[in-house]
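We're numbering straight along the sequence, starting at 1. No hydrogens, no waters, no symmetry mates; every other heavy atom, side chains included, goes into these values.
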Amino acid sequence: MPQQQPIDHPISKLSYFLRFTASWKQEVKQHAETVKEGLSRPGVLTDRDVARIKHNCTERQEDLTLFEAQSARWAALPNLSGSRRRGLAELDDSLAEIRRLDAQILDMAALLERATLEQQMGASDLEWGLAALRGQLPRM
């Protein structure tokens, strides 16, 4: 199926994009904190939980690419006011922060994959004890 062309929004929508990305960034920060909590509690998350975390980050990366492309199209417009240029800089900063947080979440998810409930249930107490003594359990 051919990929659809993204919608080219008018620059008048910049304030909407700023509000949206501000709340989006806050949501991703909270998500990162929740995933970080999972690192200190091996066996709490399932394989499916970790797969969902990875899936959500991957989908968000695709959305970020669309937002970044829209910002680039706006930045190329002639005669942008100073306030709109500042707004675009703020938008780009927010998008970069979301991308950075997603990279952290994906790194944590890779660690969590080794300590899911299924992994813990499949290992003996001795194996988990030895892994803990060796410092091989996922940690932040």
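- Taking the ring centroids of His9 and Tyr16, they lie at or beyond the 6.0 Å cut-off.
- Between the CD1 atom in Ile11 and the OG atom in Ser81 there is a gap of 8.0 Å [rounded to 0.5 Å].
- If you take CZ on Arg73 and CG on Asp8, they are separated by 4.5 Å, rounding to the nearest 0.5 Å.
- Residues Glu33 and Gln30 have side chains not in contact (no heavy-atom distance under 4.5 Å, counting atoms from C-beta outward).
- Within the 4.5 Å cutoff, no side-chain heavy atoms of Glu97 are placed close to those of Val28.
- The shortest non-hydrogen separation linking Lys25 to Ser94 is NZ-OG, 3.7 Å.
- Between the Thr21 side chain and the Trp24 main chain, no donor and acceptor come within less than 3.5 Å of each other.
- When all heavy atoms are compared, the tightest approach of Leu77 to Leu80 is O-CG, 3.7 Å.
- The aromatic rings of Phe20 and Phe67 sit parallel, their planes meeting at an angle under 30°, below the 60° perpendicular limit.
- Between Leu95 and Leu91, some side-chain heavy-atom pair lies under the 4.5 Å cut-off.
- Considering only heavy atoms from C-beta on, Glu62 stays 4.5 Å or farther from Leu66 through its side chain.
- Across all non-hydrogen atoms, the minimal contact from Ser15 to Ser12 is OG-O, 4.2 Å.
- Atom CG of Leu112 sits about 11.0 Å away from atom CG of Asp107, to the nearest 0.5 Å.
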Discussion item. Could you go through Leu45 and Val35, starting from their C-alpha distance and side-chain angles, then the distance that decides it, and tell me whether this counts as side-chain contact (heavy atoms from CB on, under 4.5 Å)?
Written reply: CA-CA 10 Å; Leu45 297 176; Val35 172; 5.9 Å; no

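- Residues Glu59 and His55 bring a donor and an acceptor atom of their side chains to less than 3.5 Å of each other.
- Following chains of ILVMFWY side-chain contacts shorter than 4.5 Å, one cannot reach Leu106 starting from Leu101, and the two form parts of different hydrophobic clusters.
- Closest non-hydrogen pair, Ser71 versus Asp92, comes out as OG-OD1, 2.6 Å.
- Between Lys54 and Glu113 the shortest side-chain heavy-atom distance falls below 4.5 Å.
- Environment of CZ in Arg100: crowded, with over 12 heavy atoms of neighbouring residues, nucleotides or ligands closer than 6.0 Å.
- Contact of the Phe17 side chain with the Leu88 side chain is not registered, since no non-hydrogen atoms from C-beta on lie closer than 4.5 Å.
- When side chains are defined from C-beta on, Arg60 does not count as touching Arg99, because their heavy atoms never get closer than 4.5 Å.
- To the nearest 0.5 Å, the span separating CD on Gln61 from CG on Asn56 amounts to 11.5 Å.
- Taking the side chain as every heavy atom from C-beta outward, Glu90 and Arg86 never approach each other to under 4.5 Å.
- What you find for Ile105 and Cys57 is that their closest heavy atoms are CG2-SG, 3.4 Å.
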